[in-house]
Amino acid sequence: THFCSLEMGDVQMFSEISPQEKNKLESIVSTDYANNITIDFTSREVDDLGTTIQTMADNGVKAFVIDSYISIYTRGSEFEKMKVVVDMLATLKKELNILIIIIAQISKADARDDVFDFHGGNILKYESDLALFIRKIEGEEETTKRHIHCEKNRIVEASSGYGIVTEYCRTSHKIEKISNFKDYGVIDSGGKQVGNRKLKF
């Protein structure tokens, strides 16, 4: 896996992650898995990123994670930039038979109105095989619960549009519980559901 950290530099990234995550990274570095993970802080230009992906794929890398695509630099308007970046990544994915995971954000207005669109437009969602939106649940920001909404799924179309609530373990980083979002809500003292909690990205 090749991880492109385009939003944060190396010093910022490693200073902001939690002690538990640092321990997890250290445990990975001390195993054979360390040879399977590379982190890139420099491929911000769209042409540099394309060259990096091509080179790494030629060397056997099959999975790429980009955080975040809006930090990739190219000329033009915001729409033109996004089209260039998304077209390039979609072409590389198909030609090289690789997995590309893109971390993106949505606008504050869309988050407020529960609109599942990526920041800057829908080109990214249109070209994606799978689009997942992950957000915190209001009132439980400090818990390990997250709402995951599947907005698009070309792989298993029947599962599109559903929402689940996951609970994960902070130490192992493994999901321990999955609940149907339709069944998740605020329960009063009498055991009755009085409405779903609000979500925020």
Side-chain angles (χ1 to χ4, degrees), residues 1-107 116-134 148 150-156 168 172-175 201:
T1 299
H2 185 71
F3 176 64
C4 299
S5 178
L6 306 182
E7 189 172 0
M8 295 186 193
D10 52 354
V11 174
Q12 182 184 6
M13 177 182 174
F14 289 111
S15 65
E16 291 193 7
I17 62 177
S18 68
Q20 295 94 334
E21 290 168 332
K22 286 182 180 178
N23 291 337
K24 184 73 172 178
L25 284 174
E26 289 174 358
S27 67
I28 292 174
V29 169
S30 62
T31 68
D32 291 339
Y33 288 110
N35 296 325
N36 294 333
I37 302 173
T38 53
I39 304 178
D40 180 359
F41 296 99
T42 60
S43 298
R44 295 178 182 273
E45 293 270 355
V46 65
D47 292 337
D48 292 341
L49 179 62
T51 300
T52 297
I53 292 175
Q54 178 78 59
T55 302
M56 299 295 286
D58 291 343
N59 290 330
V61 177
K62 293 295 183 182
F64 296 82
V65 181
I66 300 172
D67 181 22
S68 84
Y69 86 102
I70 207 166
S71 300
I72 302 170
Y73 178 75
T74 184
R75 293 178 176 80
S77 66
E78 186 173 9
F79 177 82
E80 291 169 337
K81 289 179 181 180
M82 185 180 302
K83 190 172 188 324
V84 168
V85 170
V86 172
D87 285 350
M88 179 198 73
L89 294 175
T91 300
L92 289 172
K93 182 205 75 165
K94 295 171 184 174
E95 290 182 351
L96 302 175
N97 192 28
I98 56 177
L99 170 66
I100 299 179
I101 299 173
I102 303 172
I103 299 173
Q105 292 80 32
I106 71 167
S107 69
F116 295 98
D117 289 333
F118 294 113
H119 181 70
N122 274 331
I123 301 174
L124 180 59
K125 186 166 70 175
Y126 176 78
E127 288 290 350
S128 299
D129 292 323
L130 181 67
L132 298 175
F133 290 80
I134 303 173
I148 301 178
C150 179
E151 179 69 7
K152 178 182 180 181
N153 192 340
R154 286 179 180 164
I155 303 167
V156 185
Y168 65 93
S172 68
H173 298 278
K174 293 181 178 179
I175 293 177
F201 288 86

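In what follows, residues are counted from 1 in the order of the sequence shown.
Residue Ile102 holds its CD1 atom at 11.0 Å from CG of Asp67, rounded to the nearest 0.5 Å. Taking OG1 of Thr52 as the start and CD of Glu45 as the end, the distance is 11.5 Å to the nearest 0.5 Å. How far CD1 of Ile101 is from CZ of Phe64: 11.5 Å, rounded to the nearest 0.5 Å. Between Leu99 atom CG and Thr1 atom OG1 the span is 8.0 Å, to the nearest 0.5 Å. Atom CG in Asp40 sits 9.0 Å away from atom CG in Asp48 (nearest 0.5 Å). In this structure, CD in Gln54 is found 5.0 Å from CG in Leu96, a value given to the nearest 0.5 Å.
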Verdict with supporting geometry, Ser71 and Ile66, side chain to side chain contact (heavy atoms under 4.5 Å, CB included)
CA-CA 9 Å; Ser71 300; Ile66 300 172; over 6 Å; no
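Proximity of Ile53 to Leu89: side-chain heavy atoms (C-beta onward) are separated by under 4.5 Å at one or more points. The side-chain heavy atoms of Phe3 and Ile37, taken from C-beta on, include no pair separated by under 4.5 Å. Contact check for Leu49 versus Met88: side-chain heavy atoms found under the 4.5 Å cut-off. Contact check for Val65 versus Ile103: side-chain heavy atoms found under the 4.5 Å cut-off. At a threshold of 4.5 Å between non-hydrogen side-chain atoms, the residues Ser43 and Thr51 do not count as touching.
Cation-pi geometry between Lys152 and Tyr126 is met: under 6.0 angstrom from the ring centre, within 45 degrees of the axis.
Atom NZ of Lys83 has 12 or fewer heavy atoms from other residues, nucleotides or ligands within 6.0 Å. For Asn59, the CG atom counts as densely surrounded, since its 6.0 Å shell holds more than 12 non-hydrogen atoms of other residues, nucleotides or ligands.
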